[in-house]
Each structure stands twice: as C-alpha cells, then as structure tokens.
Protein chains: 2
Amino acid sequence: AGDVKAGRAKATQCAACHGIDGMSKLPEAPNLAGQTEEYLVKALNDFRSGERKNEMMTMMAKTLSDADVANLAAYYHSLGKQ
Amino acid sequence: AGDVKAGRAKATQCAACHGIDGMSKLPEAPNLAGQTEEYLVKALNDFRSGERKNEMMTMMAKTLSDADVANLAAYYHSLGKQ
C-alpha cells in the first residue's frame, strides 16, 4: 500500500484541479477525497497506459512512477472519510 | 439539468456496486456521492460511446437514455455534499 505522506507531497501537482483536500476546483475534475484506493490506482494506471484518455490526465500521469501512483491513491483515499 | 427524484429511481440499478447512497460497495467501484455533476455526465457518456471501457459499466450504460444520464448525475451529485 502507498505512503500517505509521500502522496501528499506529490499531490501538489494535482491540487490545481483536484484540490489538495481532494475537492474539485473545476466542474470537469472529479472529487477524489475518500475515493476507494483501488479505483484511484486503476484510474491513474489506465491514464498512464493510454487505456483511458484525457488530455490533461494523460500528460500528468506520464510523469508518475508506480510508487507515485500508490502514494497518491493512499493520500486521496485517506482524506474526507465519510 | 437532471431530475434528482427520477435519478434516485433509476439508481436502483447502480446500487449493488455504488450504493444507493453513493458510497461504494466494492473496492473497484468508485464512490459517487457528491461527485461533480459534469464529471458524472462525462463518465456515463464515455461508457455509452465506448470512449471509456469497463466490462460492467459498458453494459450498464448502454441501457441509459440521455435523460437517464442527466438524472443519475443530478442524483449522485446531490448526495453527501461535503
């Protein structure tokens, strides 16, 4: 499982659209706070592989390592537990 | 914009995985409660068109009309405002 603190550090590059708190800043960007970890890992990996396409996310996801994906998923999952 | 009550009625077919309250019942299914409406509409339309692929969601989305998509997005957006 990912490291929440490392995920928070990496999430600075996600925050303009998804918020550092996981609450969307743009209507087209989903909220991520409390999202299931498995779904977040799959979404990022699908953007990395090209299985899922989105101009912004394809670009952003290309910069991520496997560890970054795990850490970001752990971080956003940890927020806003409902 | 969609109709929340009609969306709630339609959401019975989503509930086994996403919860009638929008909180995921399965690790691979995302939470939907409070999600941005525009994102939900895009996600469903991308599954309908085949732009986005997922075995379960491709099958489910095929049964939806444009009005169903709008109503479901309005319903899940209305839940769990944070």
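Residue numbers start from 1 in every chain, and the chains themselves are labelled A, B, ... in the order their sequence lines are given, proteins ahead of strands.
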Out of curiosity, does Val69(A) fall in the hydrophobic cluster containing Met60(A) (side-chain heavy atoms, cut-off under 4.5 Å, transitive links)?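 They do not share one cluster, since no chain of ILVMFWY contacts under 4.5 Å joins Met60(A) to Val69(A).
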Quick check for you: among Glu28(A), Glu37(A), Glu38(A), which has the greatest number of heavy-atom pairs under 4.5 Å with chain B?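 Max contact count across the listed options: Glu38(A).
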Donor-acceptor contacts, no H, no angles, side chain residues 13-21 of chain B, under 3.5 Å, sequence neighbours left out:
unit_1	atom_1	unit_2	atom_2	d
Gln13(B)	NE2	Thr63(B)	OG1	3.2
His18(B)	ND1	Pro30(B)	O	2.9
Asp21(B)	OD1	Met23(B)	N	3.1

Measuring from Lys53(B):NZ to Glu51(A):CD, what's the distance to the nearest 0.5 Å?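 Separation between the atoms: 7.0 Å.
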Does anything in residues 39-48 of chain A get under 4.5 Å of chain B by heavy atoms, and if so which residues?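 Those residues of residues 39-48 of chain A which have a heavy atom under 4.5 Å from chain B are Tyr39(A), Lys42(A).
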Thr36(A) to Leu26(B) - nearest heavy-atom pair and separation: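 In this case the closest contact between Thr36(A) and Leu26(B) is CG2-O, 4.5 Å.
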